[in-house]
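As the structure lists them, so they are numbered: ligands from 1, and atoms in each ligand from 1.
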Amino acid sequence: MCGIIAAASTRNVGKLLVQGLHKMEYRGYDSAGIALHQNESIAHLRALGKVQLLENKMIAEKPKSKLGIAHTRWATHGEPSEINAHPHKSKDSVYIVHNGIIENYVDLRESLIGYGYEFSSQTDSELIAHLLDLHMNEGNSMLDAMYLAKEKLEGAYAIAAIDIKDNTNLVVARNKSPLLIGLGTDEMFAASDPLAIAQMTNDFIFLEDGDVAEISANSYKIFDSSKKEVTREVTHIDISNQATSKGDYRHFMEKEIYEQPEAVSNTIDGRIGGEDVLDNIFGLGSSDLFAKVKRIQIVACGTSLHAGRVAANWFSSIAELPCQIDYASEYRYRNPHVDDDSLIITISQSGETADTLAALSYAKEKNYLASLAICNVPTSSLARESDFVLFTNAGPEIGVASTKAFTTQLAALMLLALSLAKSKDLNPKLRGRITNALRLLPEIISESLLQKEQIVAIAPSIANKDNALFLGRGIFYPIAKEGALKLKEISYIHAEAYPAGELKHGPLALIDENMPVIALAPESEIAEKLISNLEEVKARGGTLYVFADPSVKMDVKAGELVHMPKCDFFLTPIVYNIPLQILSYEVALLRGTDIDQPRNLAKSVTVE
Ligand code: AGP
């Protein structure tokens, strides 16, 4: 999704800003742009498409500047085009970049047209430049103009702005869209993502909603929503270059798939001991609180929601708790009834997903016992706004398609199921069994990665199809859904998932030689029923690719049977997910898609 970077320095900032834009490419975008203060004028360059095209323009024009703002845009209002790319300007004097959505943009646009402003783009963002210009023409400083503009703006925004009359300061503002200040030596930065400026500094200040800041090369001042100057905590984060570079891998997604054994170790390490999960790993007082929980509500989006669906089954089987699960984007609109002693759980890799944050903020008004987040980014809004948190410790996930984040979310959610059961003194033997199985999980994931060769051989017969069906039963149905999401996301093949027993109620009509069927057949009490469902597919000419327990000896004819390593039943969903990730990756590779930045998608979806 959109990315902001801004810099005030004693050295030239053009290169630094473009470098920062490159670092944010993983978030997904369709155009990029930059505005650089050059004392008498502002160099304004924009390009549709990759940041590299903007960089080519920079190389050609060589603008020199010590103050600038830059942006990658993910279109919401107005098509992807150079004219809609940020920065937007007002009368060649005020330049802004904006992330988020201005909900009342139609009214504001009309009123600004009434003041004589002309709009050159179709965006909701351009009006911010005009609004600032309007208030500065009334004699206000940029800082004061930002406060006056904020009074009118409805919606989510992170804004950075510069003014032709000031070659020293830039002004930023945050409301429900991430924004931070980076503290350098003789230079300061602002960005929507710490990765954008991690090469320049490790010291960050995460702004809060309502904050406005004025930044120059050697100083910064932060003001809260009531315009009172405030001090915000400086957070030191080391983001190693290794974590944000592909190394020898072809794509970040590939790297992140093969990093999973280590990532899962990092999720589990220091959180289990002996035959059980350790106390209070979700935060001080969490174990006591868990003893009171009678119901669970999960809200999340996309892959994180699939992790929640698996966990709902664990909460029921291991902690004997009923669990309701909702798409975060839908939760608020179904008028949810909240029973006493309910715990709300949010799951999010980025911790910045607007739908999930909005669901949490809605839930806080209800009578939940507490809110708990499973999140990968310690500095995220979700982490800060939840009562309890467990970080998945997966390291930065750059590929838009979530892989290691999902696997580690599942490991973290299993820790939660065990913690809830422990606090209620339930199923001690089962807890011991699963705890021991968790220790072996990284090794079993490594084993499942060895199936790559067999999967590479399957990939061509899926890469040449337009559709695919994924089947799983019970706790494997969400894994089938995740497999289908991964395939459509990066290969653009239409894929759907069904619980295998549902096939005969409709989708069986789709089966022919052009509909590959990918099925998950672990050892379970319904394994035989699943095999019967797969026979129904075979009988109708469908090609089956079955990931199965070694005990499954089915003749798949034209397709392929891949035997999976054995592990404890409760952890098998985690292991069976791995070959589906590899399959999607290999299929996308054959189709030549932009695997790390699939079309139309964004890594961190910061708009509702
Ligand atoms: C996963 O492959 C997707 N890119 C997407 O579904 C993602 O999981 C979803 O947008 C939620 O993101 P979050 O975990 O950062 O909240």
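Selection from A401, C301, G302 by nearest heavy atom to atom 11 (C) of ligand 1 gives C301.
Between the side chains of Q297 and D326, at least one donor N or O sits under 3.5 Å from an acceptor N or O. Between the side chains of N84 and H77, no donor-acceptor pair is found at a separation under 3.5 Å. Counted by atom type alone, Y545 and S461 present one or more donor-acceptor pairs between their side chains at under 3.5 Å. A donor and an acceptor atom, one from each side chain of N467 and H494, are located under 3.5 Å apart. At a cut-off of 3.5 Å, with distance as the only test, a side-chain donor of E397 or S402 sits close to an acceptor on the other residue. Between the side chains of H22 and E25, at least one donor N or O sits under 3.5 Å from an acceptor N or O.
Nearest to atom 10 (O) of ligand 1 among the protein's heavy atoms is V605 CG2, 4.0 Å. For atom 15 (O) of ligand 1, the closest heavy atom belonging to the protein is S350 OG, 2.7 Å. When hydrogens are left out, the protein atom nearest atom 1 (C) of ligand 1 is T303 OG1, 2.9 Å; that is the closest non-hydrogen contact. Atom 4 (N) of ligand 1 has E489 OE2, 2.7 Å as its closest protein atom, hydrogens excluded (heavy atom only).
Considering backbone and side-chain atoms together, T353 places an N or O closer than 3.5 Å to an N or O of ligand 1. Residue-to-ligand polar distances place S348 within reach of ligand 1: an N/O pair is separated by less than 3.5 Å. Checked against a 3.5 angstrom limit, the closest N/O atoms of S402 and ligand 1 fall inside it.
Geometrically, R271 does not engage F391 in a cation-pi contact, judged by NZ or CZ lying under 6.0 Å from the ring centre and within 45° of the ring axis.
Using a 4.0 angstrom heavy-atom cutoff, E352 does not count as in contact with ligand 1.
Annotation for ligand 1: atoms under 4.0 Å from non-hydrogen atoms of S304 are 8 (O), 13 (P), 14 (O). Interface atoms of ligand 1 facing K486, defined by a heavy-atom separation under 4.0 Å, are 1 (C), 2 (O).
Salt bridge status for R599 with D30: absent, with no side-chain N to carboxylate O gap under 4.0 Å.
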